[in-house]
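See structure below.
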Amino acid sequence: MDQSYALFTDFYQLTMAYGYWKRGLSQQRACFVHFFRKKPFGGEVAVCAGLETLVQFIESFRFSDDDIAYLKTIQGVNKKPFFEPAFLDYLREFRFDLDLFAVPEGTPVSAYQPMIRVEGPIIAAQLIESPLLNIINFQTLIATKGSRVSWVAGESEVIEFGLRRAQGYDGALSATRASFIGGCQSTSNVMAGKRFDIPVRGTHAHSWIMTHDTEEEAFVAYNSLSHGSGYFLIDTYDSIGAVKNLIRLAQEDPQFKLKGVRLDSGDLAVLSIEIRRLLDEAGFKDAQIMASNELDEYLIRDIKQQKAPIDVFGVGTQLVTGGDQSALDGVYKMSAFMRNEGEWALKIKLSEQIEKMTTPGRLQTRRYMKGGVNLFDLIYDEDLGVDESLEMIDQFDITSTRKIPKGAEFIDLLVPILQDGKRVYELPSLKSIQGRGIEMMGHYPENTRRLYNPNKYWTYHEKRLLERKLALIKEMKQNVEKGSNHR
């Protein structure tokens, strides 16, 4: 990142940072946890994405002279400068001296599981909130959509086609990156191809056909410039007629390479079946059929169920925008605050809605597996650890309990990324992230991955963690009734 992104935040983050500084709390350590509540797209898991982008943001972070100059112009209701000069001088030297633990990109996680845990000075932990949520929430949403699309596509290739429909320049780049993590094999976005080393693919537009006097002339010209590797768009006038024209051109000229055709309208299943028949009968069994036109995982699944012989799916709008879900409701909540050196004070957010109550502590997730199949996940506190002799409990149904089965293997999902602002984690290639995601998704039972009414994948709380949470809720409510909520 060449330019300053320090002002890529909500104003209230700077307001609170100013308040912490004025009160002498700037170096007090805090612990925040990022997680999401609602299951994206009605599925059981989301695919983590955006960590590398976040790390790059943190490593390049600084308040530039222009940033400071702008902050000087902000006024309060009294028409006086909102920030005092000494605080702006503090910001000039500010860096993110944080400890950051995160679930590696490509890893599937479930609702309420910590995806990122941040520990460090309260100002730094607060100022990272808005960019962290923006980066991780969006890329995780799109990676999850990409995973669903790629999974139902099966052996068919998926090309991300969404540049022109994405939410802005930066949204398009982030969406392409996340889509690839989710499982897409290539993109039409050339800048994203360069920046992230993703293969670029494409065909031509209907305007290419209409620019020429005849469809055949357009096909011949495109064949020469694509070096025989392009897909011909065939639905400008008549899809079946266009395929017949292509077959004739390829039969008459050995230099005419019929790599494949692209359908962008009509009944994709019916048309592809007829086109496959025509191509096969003419001896072009290797020619592929690509389909586009407002595709998503549900339409691709239906097309597959009709046994449509489509080799490549170009997926755009419904992928890069999230389609039926515009945002991941990821949140970033304080879970502990260090008032005395070395002693964490637990923090909890209460709510009339049980699903909005947070879990206090320095949280971690442990995934249990057996025979290559995920069994369940367990949220626990790093300071309490896991007592495997105790039962695990569902936080929303305390009657739902489970014991850790003998012989089960496990991994802890959060790993150290930054220590005191310095990276201690080697960022993997995007291709290896994609491979990790595909492999880890394969450890879930098939019925957990289905699009409609997936089988529940259980996330439990370590018993002592949940008991401590319930005790804290009771204590806090009593304090509120007495007029105090200090701890």
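Computed from a prediction, not measured in an experiment: that's the story for all the values here.
By the 4.0 Å N-to-carboxylate-O rule, E44 lies too far from R449 to be salt-bridged with it. Of the charged side-chain nitrogens involved, none lies within less than 4.0 Å of a carboxylate oxygen, so that E475 and R468 do not count as a salt-bridged pair. A salt bridge links D65 to R92: one of the charged nitrogens lies within less than 4.0 Å of a carboxylate oxygen. Under the 4.0 Å criterion applied to side-chain N and carboxylate O atoms, K22 and E84 are assigned as salt-bridge partners. R117 has a carboxylate O that lies under 4.0 Å from a charged side-chain N of E382, or vice versa, which qualifies the two as a salt bridge. Between E160 and K145 there is no salt bridge, since no side-chain N of the basic residue sits under 4.0 Å from a carboxylate O of the acidic one. Between D197 and R177 no salt bridge is recorded (no basic side-chain N to carboxylate O distance below 4.0 Å).
F180 has its side chain within reach of Q434: a pair of non-hydrogen atoms, C-beta onward, lies under 4.5 Å apart. Looking at heavy atoms from C-beta onward, R436 lies in side-chain contact with P104 at the 4.5 angstrom threshold.
When each of I159, N189, T187 is tested with V200 by the rule side chain to side chain contact (heavy atoms under 4.5 Å, CB included), just one qualifies, namely T187.
Under the 3.5 Å distance criterion, the side-chain polar atoms of K39 are left unmatched by any main-chain donor or acceptor of A46.
By the ring pair (Phe, Tyr, Trp, His ring centres under 6.0 Å) test, W344 is found to be paired with no residue, residues two or more places apart in sequence or in another chain being considered.
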- Task: Step by step, work out the side-chain contact (heavy atoms from CB on, under 4.5 Å) result for V320 and T176.
- Result: CA-CA 7 Å; V320 301; T176 298; 5.6 Å; no
- Query: Between F337 and I122, does a side-chain contact (heavy atoms from CB on, under 4.5 Å) hold up when you go through it step by step?
  - Reply: CA-CA 9 Å; F337 188 69; I122 181 64; 4.2 Å; yes
